[in-house]
Asker: 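Take a look at this one; I'll ask things after.
All values below were derived from every heavy atom in this structure, side-chain atoms included, with hydrogens, water molecules and symmetry-related copies excluded. Residue indices begin at 1 and follow the sequence shown.
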Amino acid sequence: MQNNYQIFGIRAVIEAISAGKAVDKVFIQKGLKGTLFSELESLLRREKINTSYVPLEKLNRLGNKNHQGVIANISPVEFHTLDDLVLNTIESGEIPLFLLLDQLSDVRNFGAIIRTAECTGVHGIIIQSKGAAPVTADTVKTSAGAVFNVPICKVDHIKDAVFYLQASGIQVIAATEKTENTPYDLQLTTPTAIVMGAEDKGISPSVLKSADHRAKLPMYGNIGSLNVSVACGVFLYEAVRQRKNNL
């Protein structure tokens, strides 16, 4: 990760959070103590910032060794609120197309998905605050800069975002193998949000249960699944195809 996406030191991280910087995650050396450290911990809890307590060796590998026991990953983009994202899209007069990523963890997959989302006219990507891939230098590179063009929203729980979208008149479609339907069987010309799951676990059961529809991609080879970024591209371009034909 490039150093301009990192902040080192307890006081520097406190100041960054207090200034409203988009902090993705904070790494803290195990066993760290002191008044200033207690202030940082309170701030991290209040702002619900993803925090990980790690050995000194990991901190040294992450970046500048003069880190004083704390390293923060700073997002190169500002995150949107779900309210603003949905409201602005509806007010634009366009048919909403959103993407929800249920704890996708690989930054390169994330970047590739953002790139495809930008190319297919996705109005916004919704990720979970904890457990999701951060926006890093690798994400920016893999997205070919598309990360600066697609609004990204962080929520506490993907399930809550599903309910909010449904209450806003937006159907939610879960990409899963646990169905006989395909995206070609569904109507994607109406306001739609597509949920893609984590690389290893897929969509969490509670989110899967909450979705309006489920869809899988037909598989004819010996390998039973596609890379999540490739699968996402197929779903999004089917939405593009249907919407173009519906004009």
Asker: Give the minimum heavy-atom separation between Gln103 and Ala198, together with the two atoms involved.
Answerer: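 What the structure gives for the nearest pair is O-CB, 3.4 Å.
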Asker: Could you tell me whether the side chains of Thr192 and Gln171 share a donor-acceptor contact shorter than 3.5 Å?
Answerer: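 Yes - a donor-acceptor pair under 3.5 Å links their side chains.
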Asker: Got a second to check how far Gln6's CD is from Phe27's CZ, nearest 0.5 Å?
Answerer: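 Spacing of CD (Gln6) from CZ (Phe27) equals 8.5 Å.
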Asker: Under the side-chain hydrogen bond (donor to acceptor under 3.5 Å, both in side chains) test, which residues partner Glu39, sequence neighbours left out?
Answerer: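 By the side-chain hydrogen bond (donor to acceptor under 3.5 Å, both in side chains) rule, Glu39 matches no residue at all.
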Asker: Is it possible for you to say whether Leu56 and Leu62 belong to one hydrophobic cluster, with membership spreading through side-chain heavy-atom contacts below 4.5 Å?
Answerer: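 No; tracing contacts between hydrophobic side chains, which count when under 4.5 Å, never links both residues.
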Asker: With rounding to the nearest 0.5 angstrom, report the CD1 to CD distance, Ile49 to Glu41.
Answerer: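 One finds 12.5 Å between CD1 of Ile49 and CD of Glu41.
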Asker: Does a donor on one side chain and an acceptor on the other come within less than 3.5 Å for Thr136 and Thr139?
Answerer: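 Yes, because at least one side-chain N or O of Thr136 sits under 3.5 Å from a partner of the opposite role on Thr139.
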Asker: Can you tell me which residue pairs pass the salt bridge (charged side-chain N to carboxylate O under 4.0 Å, His left out) test with a partner in residues 93-114, sequence neighbours excluded?
Answerer: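 Matches after skipping sequence neighbours: Arg108-Asp138.
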Asker: Do Val107 and Val135 sit in one hydrophobic cluster, given that two such residues count as connected whenever their side-chain heavy atoms are within less than 4.5 Å of each other, even indirectly?
Answerer: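 No: no chain of side-chain contacts under 4.5 Å links Val107 to Val135.
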Asker: As an exercise, state the distance from CZ of Arg115 to CG of Asn149, rounded to the nearest 0.5 Å.
Answerer: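 The CG atom of Asn149 is 12.0 Å from CZ of Arg115, to the nearest 0.5 Å.
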Asker: List, by chain and number, the other hydrophobic cluster members for Leu82, where Ile, Leu, Val, Met, Phe, Trp and Tyr join if side-chain heavy atoms come within less than 4.5 Å, directly or indirectly.
Answerer: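 Leu82 clusters with Leu85, Val86, Ile90, Phe98, Leu100, Ile126, Val155, Ile158, Val162, Tyr164, Leu165, Ile170, Val172, Val195, Ile203, Val207, Leu208.
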Asker: Provide the closest heavy-atom pair for Ile28 versus Val26 in the form atom of the first, atom of the second, distance.
Answerer: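 Heavy atoms only, the tightest pair is CG1-CG1, 3.8 Å.
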Asker: Which heavy atom in Ile127 sits nearest to a heavy atom in Ala133, and how many Å separate them?
Answerer: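 In this case the closest contact between Ile127 and Ala133 is CD1-O, 4.3 Å.
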Asker: Filter on salt bridge (charged side-chain N to carboxylate O under 4.0 Å, His left out), then keep only pairs touching residues 194-207, sequence neighbours left out; what's left?
Answerer: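 Pairs touching residues 194-207 that pass the test: none.
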Asker: Taking the side chain as everything from C-beta on, heavy atoms only, tell me whether Val23 gets closer than 4.5 Å to Asn50.
Answerer: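 No. Closest side-chain heavy atoms not under 4.5 Å.
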Asker: Sequence neighbours excluded, which residues qualify as salt bridge (charged side-chain N to carboxylate O under 4.0 Å, His left out) partners of Lys178?
Answerer: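 Lys178 satisfies salt bridge (charged side-chain N to carboxylate O under 4.0 Å, His left out) with no other residue.
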Asker: Taking all atoms of both residues into account, what is the closest heavy-atom pair of Gln242 and Thr189, and its distance?
Answerer: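 Taking every non-hydrogen atom into account, O-CG2, 3.5 Å.
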Asker: According to salt bridge (charged side-chain N to carboxylate O under 4.0 Å, His left out), who are the partners of Glu15, at least two apart in sequence or on a separate chain?
Answerer: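 Per chain and number, Glu15 pairs via salt bridge (charged side-chain N to carboxylate O under 4.0 Å, His left out) with Arg11.
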Asker: Listing request: all side-chain hydrogen bond (donor to acceptor under 3.5 Å, both in side chains) pairs with a residue in residues 19-30, at least two apart in sequence or in separate chains.
Answerer: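 Residue pairs passing side-chain hydrogen bond (donor to acceptor under 3.5 Å, both in side chains), neighbours aside: Asp24-Lys154.
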Asker: Report, as yes or no, whether the 6.0 Å neighbourhood of atom NE2 on His157 holds more than 12 heavy atoms from other residues, nucleotides or ligands.
Answerer: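 No, not enclosed.
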Asker: So if you build clusters from Ile, Leu, Val, Met, Phe, Trp, Tyr with side-chain heavy-atom gaps below 4.5 Å, do Phe8 and Val54 land together?
Answerer: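 As far as the 4.5 Å side-chain criterion goes, Val54 and Phe8 are connected within one cluster.
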Asker: Going by side chain to side chain contact (heavy atoms under 4.5 Å, CB included), Ile14 matches just one of Ile7, Leu44, Leu40. Which one?
Answerer: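 It is Leu40; the other options fail the test.
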Asker: Do the side chains of Leu99 and Phe163 join up, straight or via other hydrophobic residues, at under 4.5 Å, putting them in one cluster?
Answerer: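 No; Phe163 is not reachable from Leu99 via cluster members.
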Asker: Just to verify, what does Glu91 make a side-chain contact (heavy atoms from CB on, under 4.5 Å) with, not counting sequence neighbours?
Answerer: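 With neighbours one apart ignored, the set is Leu87, Asn88.
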Asker: Suppose clustering is done on Ile, Leu, Val, Met, Phe, Trp and Tyr with side-chain heavy atoms closer than 4.5 Å. Which residues sit in the same group as Val240?
Answerer: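 Result for Val240 is Tyr237.
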Asker: Mind checking the CG-OG1 spacing from Asn181 to Thr179? Nearest 0.5 Å is all I need.
Answerer: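 Between Asn181 CG and Thr179 OG1, I get 4.0 Å after rounding to 0.5 Å.
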Asker: Got a second to check how far His213's NE2 is from Ile194's CD1, nearest 0.5 Å?
Answerer: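 Result: 12.0 Å between the selected atoms.
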Asker: Is the number of heavy atoms from other residues, nucleotides or ligands within 6.0 Å of CD (Glu177) greater than 12?
Answerer: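 No - once you tally the heavy atoms of other residues, nucleotides and ligands closer than 6.0 Å, there are 12 at most.
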Asker: Do you know which two heavy atoms are closest between Ala72 and Val13, and how far apart they sit?
Answerer: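 Distance-wise, the nearest heavy atoms are CB-CG2, 3.8 Å.
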Asker: With salt bridge (charged side-chain N to carboxylate O under 4.0 Å, His left out) as the rule and sequence neighbours excluded, what pairs involving residues 215-239 come up?
Answerer: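 Found Glu180-Lys216, Glu238-Arg241.
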Asker: For residues Pro183 and Leu217, report the shortest heavy-atom separation together with the two atoms involved.
Answerer: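 Smallest interatomic distance, heavy atoms only, reads CG-CD2, 3.7 Å.
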Asker: Return the set of residues passing side-chain contact (heavy atoms from CB on, under 4.5 Å) with Pro218 (not counting sequence neighbours), or none when no residue passes.
Answerer: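 Only Thr182, Tyr184, Tyr220 meet the side-chain contact (heavy atoms from CB on, under 4.5 Å) criterion with Pro218.
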Asker: Return the CE to SG distance between Met196 and Cys232, rounded to the nearest 0.5 Å.
Answerer: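 One finds 5.0 Å between CE of Met196 and SG of Cys232.
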Asker: Donor-acceptor pair, distance only, cut-off 3.5 Å: does the side chain of Thr142 make one with the backbone of Val140?
Answerer: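 Such a contact is absent between Thr142 side chain and Val140 backbone.
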Asker: Apart from Ile173 itself, what residues make up its hydrophobic cluster when side-chain heavy atoms of I, L, V, M, F, W and Y under 4.5 Å apart count as a link, directly or indirectly?
Answerer: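 Leu186, Leu188, all in the cluster of Ile173.
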Asker: Is there a donor-acceptor pair under 3.5 Å between the side chain of Gln166 and the backbone N or O of Ala211?
Answerer: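 Not at all, since once roles are kept as given, no pair shorter than 3.5 Å links the two residues.
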Asker: I'd like to know if Val122 and Phe79 are part of one continuous hydrophobic network [Ile/Leu/Val/Met/Phe/Trp/Tyr, side-chain heavy atoms within less than 4.5 Å].
Answerer: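 Yes: a chain of side-chain contacts under 4.5 Å links Phe79 to Val122.
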Asker: Could you go through Met219 and Leu226, starting from their C-alpha distance and side-chain angles, then the distance that decides it, and tell me whether this counts as side chain to side chain contact (heavy atoms under 4.5 Å, CB included)?
Answerer: CA-CA 9 Å; Met219 305 294 295; Leu226 290 169; 4.1 Å; yes
Asker: I'd like to know if the side chain of Asn227 pairs up with that of Ser229 as donor and acceptor (distance under 3.5 Å, no hydrogens or angles considered).
Answerer: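 Yes - a donor-acceptor pair under 3.5 Å links their side chains.
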